[in-house]
Amino acid sequence: MSRACLHDIMDLAHRARVWIDRRRSRDLLRRLDDRALRDIGLSRLDAWREARKPFWRA
């Protein structure tokens, strides 16, 4: 296997890990109650907007 191919595979694996983490974080954010959102300085609308982003968008 060439170095370029190995690099591409590693890049894809990293990207998939980032996407999975992003999706999980947004799912958790969606489930926070108003008190927890206040603690982290977000409104319900802020949380909703972030949670609705597709997993590939930062």
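We count residues from 1, following the sequence as given.
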All side chain to side chain contact (heavy atoms under 4.5 Å, CB included) counterparts of Ile40, not counting sequence neighbours:
Leu29, Leu32, Leu37, Leu42

Donor-acceptor contact present, side-chain Arg23 to main-chain Trp56, <3.5 Å
no

Polar side-chain atom of Asp27 near backbone of Arg24 as donor-acceptor pair, under 3.5 Å:
no

What's the separation between atom CZ in Arg49 and atom CG in Leu45, rounded to the nearest 0.5 Å?
4.0 Å

Atom CZ of residue position Arg15 - does it have more than 12 heavy atoms of other residues, nucleotides or ligands inside 6.0 Å?
no

Can you name the closest pair of heavy atoms from Arg26 and Arg57 and give their distance?
NH2-O, 2.7 Å

In Å and rounded to the nearest 0.5 Å, what is the OG to NE2 distance from Ser2 to His7?
11.5 Å

Inspect the contact between Arg17 and Asp21 and indicate whether a charged nitrogen and a carboxylate oxygen are less than 4.0 angstrom apart.
yes

Measure the spacing between CG of Asp39 and CG of Asp34 and express it to the nearest 0.5 Å.
11.0 Å

Under a 3.5 Å distance rule, please check whether Arg30 uses its side chain to pair with a backbone N or O of Ala51 as donor and acceptor.
yes

